[in-house]
Amino acid sequence: MHGYRTHTCGELRGEQAGQEVRLSGWVFRKRDHGSLLFIDLRDHYGLTQVVVQPDRSFFEHAQSIRLESVITVTGRLAARSPETVNPDMPTGTVELVAESLEVDSMADPLPFHLSDEDAPEDLRLRYRFLDLRRQELHDRIVLRSDVIHHIRQTMREQGFKEYQTPILTSSSPEGARDYLVPSRVHPGKFYALPQSPQQFKQLLMLSGFDRYFQIAACFRDEDARADRSPGEHYQLDVEMSFVEQDDIFKVVETVLHGVFSKFATWKVDAAPFRRIPYREAMLKYGSDKPDLRIPIEMVDVTDIFRNSGFNAFRAAIEQKAVVRAIPVKAIADRPRSFFDKLVEYAQSIGAKGLAYLVWEGGVVKGPIAKFLKPAELEALRTTCGMGEGDVVFFMCDKEGAVNRITGDLRLKLGRDLDRVEPGIYRFCWIVDFPMYEFDEENKQVMFSHNPFSMPQGGLKALSEQDPLTILAYQYDVVCNGIELGSGAIRNHRPDIMMKAFAIAGYEPDAVERNFPALLNAFRYGAPPHAGIAPGIDRMVMMLCDQSNIREVIAFPMNQRAQDLMMNAPNEVSIKQLRELHIRLNLPPTKEAPKTPPAEPSGKG
RNA sequence: GGGGGCGUAGCUCAAUUGGUUAGAGUCCCAGAUUGUCGAUCUGGUUGUUGCGGGUUCGAGUCCCGUCGCUCCCGCCA
C-alpha cells in the first residue's frame, strides 16, 4: 500500500465500500462525540468523512489533533447507513473507518478561520498559504490554470507558437515607471524588467517567426487599483506578420469567446464583436471602455442649446463648451430626492451642475423647461427619443470634462436604476484611437498610445494633417466596461517612425538611442505586423465575477506593492550593496523627522 | 502626491446622548457526550478600544495629529 494514499479525498464512492484504503489530508472539521469522533479530511480534490471508534488505541490522540493538521488515515471504507448519508457531499455515501492514524504535521491554532470570508485582507495576505486553502480562492487559482491552458491550446490550434523573451532587459523612456535591477559587472548601469515584451515580439516578427504568443509577465512600477495589481501582471501577448486589423480581431475573438464560453455560465457576445470608433465611444458612453450592458447612450445637443434662451449653456457654448444629453427611460416617477441626489453627485465629481427635463403628463417639466422654446423642446424630444415618463439630463462643459462626467453618471445610473443587463459578457472593439493628444501640462503634442503604432494615412498624414486629427491603427478590446487588452498595427517603416517621433518632440538621435534594436532591425527587411495583449488576470477576474484582482492571483502584493508573506521589498546587506556600487540616500523617516538620517546601512 | 471609508479579544461583531468593572459568537483550554456533518452541552482564559495628544468630573464614543489597510484621483506608451 502507498505510504500516503491509495485514493484522494474526493474520489471514494459506494462502489469502493469494503476496500482497504488510505487517505492523507488536512483536518478540516472535527465532531467529537466523546465516544465517537468524526474528522472531515480535506485535500485538493475534496472531503471525506473519517470515523474513529472509541476502542482504537489512537482515539484520544485523534481527539487532540488541531484543525488543519495533516494526517494519514488507513482503514476500511464503509457505506453509510441510509439515515447518515450526507447528500451535500460528493463522498457523502461513504466514510473511512480508521484502523490507524498518523499525524504528519500538527498545526498551531490558525490566525483566522478558513471558512470565514471576512478575514482582514492584510492577514489573508500575510498567511496566503492558509488563505489559498479556502475553497473559493483555491478554485479561482485552479480556474486560472485551466484558463491559461485553454488559451495555450487555442493559440496553438490557430497556428501560434509560444516563444520566451528576456526578463532582464533595458530601460526605455516611454511608458510606465520601470523596475530597475542594478548591474554588478557594470557599475552604475541597470537592467529594467520589461513593461511588456513589446520590442522583443516585434523583433521575433522581423526574424520571421510569423505568429508569436506568450503568457508574458509584465512589470510596471505604477500605483495599484482594484483591477490593477502593482508590480507584475500577465498578458496573453500576441504578434502576427503580414496581417490586417481584422486578422488580429479574428484571433482574439476566437480566444476570448472560447475562454468565456467554456469557463463562465454567463452568455457571451458572439463574434465578430461590435466595433466602435474611439470618438463615437467617447460621445455615446463617455468612455473608451464602455459597459455595453447599460442601455443608456449620450447624445450631443450642443446645436439645440447654441441659440436657446438658457443663458448658462449658451454662454458656455460660446467658450467652446459642448452639451451632452443623457436620456433615461421611465424614471419620471422617481421622487424629487432622486434627482437632487444625482445633481449633488454630479457636482461632487466636478460638474458645474446637472440640468434635466421630464416628459410627464403630456408636458415637459424640470428646472430648465421655462428657458426653452417649444421648438427646442421638440428638437430635444426627437433627438433624445423621449416619450411619456422619460427624463433627459444635460451636462455642459469642455468636451473632456463632459465625457468624463457623463460617462461616470451613465455607469451610476445603470447601477442605481438596476439597468445593467445581467448574466452576459458584452464585448466590443474600440478602434481608430487618435495617434496624438495634446499634453496640457507640458504644452506639447505627445503619443496618446503606443508610439510604435502605424498612423492611418502613413507618411502623408503625418506630413500634411494636424497631428491631433491623425488616427492610429490602434485598438482596445473591452468587456463589460473593463479594458481587456490593447494592440495596434505596428509601424514597420523607419521613415514613418522618425516622422511620428519628430511630431511628439523626439530628435532622430534620441529615437535611435532609445530603440536601437528595433530601428536597426527595421532597416534589414521588416514584415508588416500587428499585435495585441489581453490581460490574463483581468480575464480570470471577470470569469470569477470578482471586482478585486488580488482574488485571482495566488501570491499578490498589497496596494502599496508589498508582499506581506515574503516581506518584499526588504533591506539587503551592505555587502550586497557594495558589490552593486550602490550607496543609499534615504529620506528622513516620517515618525522621527528630527532624528538625523540613519547611517546608510540597510542591514538584513 | 491628493481625497473618501475603515481600525474594539487570535477572528467576526456589539456597546443608548459622552456615564458603572468594554460584552457576545467563534477560536483556544478543561470537562461531558455513540451517528455527527457549521455536532451539541457545561465551565474557563483572552483587551495598550491602532498609536500620540487634547476637551471633559468622566472618552471606545467628541476634537487634532499620526500609523495601518482599502477604494478613488494623479499615474498606468
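Every chain is numbered from 1, with letters handed out A, B, ... down the list of sequences.
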For [X] and [Y], test the side chains for any donor-to-acceptor distance below 3.5 angstrom and give the result as yes or no.
X      : Y      : value
A:N450 : A:Q474 : no
A:R31  : A:Q49  : yes
A:Q235 : A:S196 : no

Considering only atom [atom1], compute the distance from [N] to [M] and round it to an integer number of Å.
N     : M     : atom1 : result
B:C11 : B:A32 : C1'   : 27 Å
B:C71 : B:C28 : C1'   : 35 Å
B:U26 : B:U45 : C1'   : 14 Å
B:A22 : B:A59 : C1'   : 12 Å

>> Applying the 5.5 Å / 30° rule, does A:H33 stack onto the base of B:G35?
In response: no

> Between A:F112 and B:C11, do the rings stack, that is, sit under 5.5 Å apart with planes less than 30° off each other?
Replying inline: no

Below the 4.0 Å mark, does [N] have OP1 or OP2 next to a side-chain nitrogen or oxygen of [X]?
X      : N     : result
A:N558 : B:G68 : no
A:Q562 : B:C69 : yes
A:Q559 : B:C71 : yes
A:R225 : B:C73 : yes
A:R177 : B:C75 : no
A:R550 : B:C71 : yes
A:S35  : B:U34 : yes
A:R31  : B:U36 : no

Categorize [X] for me: base, sugar-phosphate, or nothing, with a 4.0 angstrom heavy-atom threshold over every strand shown.
X      : value
A:L47  : nothing
A:R80  : base
A:S196 : base

Would you say the side chain of [X] and the base of [N] hold a donor-acceptor pair, judged only by whether the two atoms sit under 3.5 Å apart?
X      : N     : value
A:Q53  : B:U34 : no
A:N86  : B:C37 : yes
A:R228 : B:C75 : yes

>> Quick check for you: among B:U33, B:U26, B:C72, whose closest atom lies nearest to any side-chain atom of A:D32?
In response: B:U33

> Does the side chain of A:L409 reach to within under 4.5 Å of the side chain of A:M395, using non-hydrogen atoms?
Replying inline: yes

> Pick one: which of A:Q198, A:Q214, A:K201 meets side-chain hydrogen bond (donor to acceptor under 3.5 Å, both in side chains) with A:D237?
Replying inline: A:K201

> Who is the Watson-Crick or G-U wobble partner of B:G43, with both distances under 3.5 Å?
Replying inline: B:C29

